[in-house]
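Below you'll find the structure, written out as structure tokens, and then a few comments.
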Amino acid sequence: MTNARAGSWRKRIQREKLFMRQGGFCYYCLESVEMSVPPRHPKRGTLDHIKPIKAGGANSWDNLVLACFRCNQLKAAQPEAEFRKRFAR
């Protein structure tokens, strides 16, 4: 298995574990996420770092959450608190 394929396999497993941990909901908007929709679909479950890597966040289980594609794109590299202030529902 190539490194790229191994990496995508690990990410898929992480997404599935986070899906189960969070009950199938986006960490930020609490809308349901789906794993079987195409990439870039607004409801697609994606990995997100609560504290961005750019801000010194770790690539660890405690810092990873499942976010819908939409929230992940809106949050980008913002800290969680800043994102929640700007996009509170």
Side-chain angles (χ1 to χ4, degrees):
M1 184 179 305
T2 65
N3 284 343
R5 288 185 64 197
S8 66
W9 178 80
R10 280 190 209 101
K11 284 183 180 180
R12 189 189 58 161
I13 296 298
Q14 285 177 321
R15 278 196 316 267
E16 290 172 2
K17 287 182 177 180
L18 290 169
F19 183 88
M20 292 180 353
R21 180 176 83 177
Q22 293 173 213
F25 295 96
C26 174
Y27 180 79
Y28 301 109
C29 69
L30 303 178
E31 295 286 329
S32 63
V33 296
E34 298 185 27
M35 305 305 287
S36 60
V37 294
R40 304 184 67 84
H41 187 282
K43 293 185 70 87
R44 170 75 175 212
T46 62
L47 295 176
D48 188 54
H49 295 89
I50 298 170
K51 182 176 182 180
I53 297 291
K54 287 183 177 184
N59 197 16
S60 66
W61 185 248
D62 293 344
N63 193 40
L64 284 173
V65 294
L66 187 70
C68 66
F69 181 77
R70 180 181 176 276
C71 284
N72 199 340
Q73 292 295 297
L74 290 171
K75 180 178 173 278
Q78 297 176 72
E80 177 186 6
E82 184 178 326
F83 172 72
R84 289 194 184 276
K85 274 193 273 184
R86 292 182 66 208
F87 295 100
R89 289 184 176 207

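Heads up: numbering here begins at 1 and tracks the sequence. Just the heavy atoms: all of them, side chains too, but no hydrogens, waters or symmetry mates, feed the values below.
Between K54 and A77, the shortest heavy-atom contact is CD-CB, 4.2 Å. H49 and N59 get closest at one heavy-atom pair: NE2-OD1, 2.9 Å.
For the side chain to side chain donor-acceptor pair (under 3.5 Å) test, no residue two or more places apart in sequence or in another chain qualifies with K51. With sequence neighbours left out, the side chain to side chain contact (heavy atoms under 4.5 Å, CB included) criterion links S60 to A58, D62, N63. Under the side chain to side chain contact (heavy atoms under 4.5 Å, CB included) criterion, L30 pairs with no residue at all, not counting sequence neighbours.
To the nearest 0.5 Å, atoms NZ (K75) and CD1 (I50) are separated by 8.0 Å. Taking CZ from R44 and OG from S36, the interatomic distance works out to 8.5 Å, rounded to the nearest 0.5 Å. From C26, atom SG reaches atom NZ of K43 across 9.5 Å, with rounding to the nearest 0.5 Å.
Between H41 and C68, every side-chain heavy-atom pair lies at or beyond the 4.5 Å cut-off. Residues P42 and F69 are not in side-chain contact: their nearest non-hydrogen atoms beyond the backbone lie 4.5 Å or more apart.
Counting only N and O atoms by type, the side chains of Q78 and R86 include a donor and acceptor under 3.5 Å apart. Y28 and D48 form a side-chain donor-acceptor contact under 3.5 Å, judged by distance and modelled atom types alone.
Judged by distance alone, with hydrogens and angles left aside, the side-chain atoms of S32 form no donor-acceptor pair with the main-chain N or O of F25 at under 3.5 Å.
I53 belongs to no hydrophobic cluster with other residues, because no ILVMFWY side-chain heavy atom falls under 4.5 Å from its own, directly or through intermediates. Under a 4.5 Å side-chain heavy-atom criterion applied to ILVMFWY residues, the cluster that includes V33 comprises L18, F19, M35, L47, W61, L64, L66 as well.
Counting only residues at least two apart or in different chains, side-chain hydrogen bond (donor to acceptor under 3.5 Å, both in side chains) contacts with residues 13-27 comprise Y27-E80.
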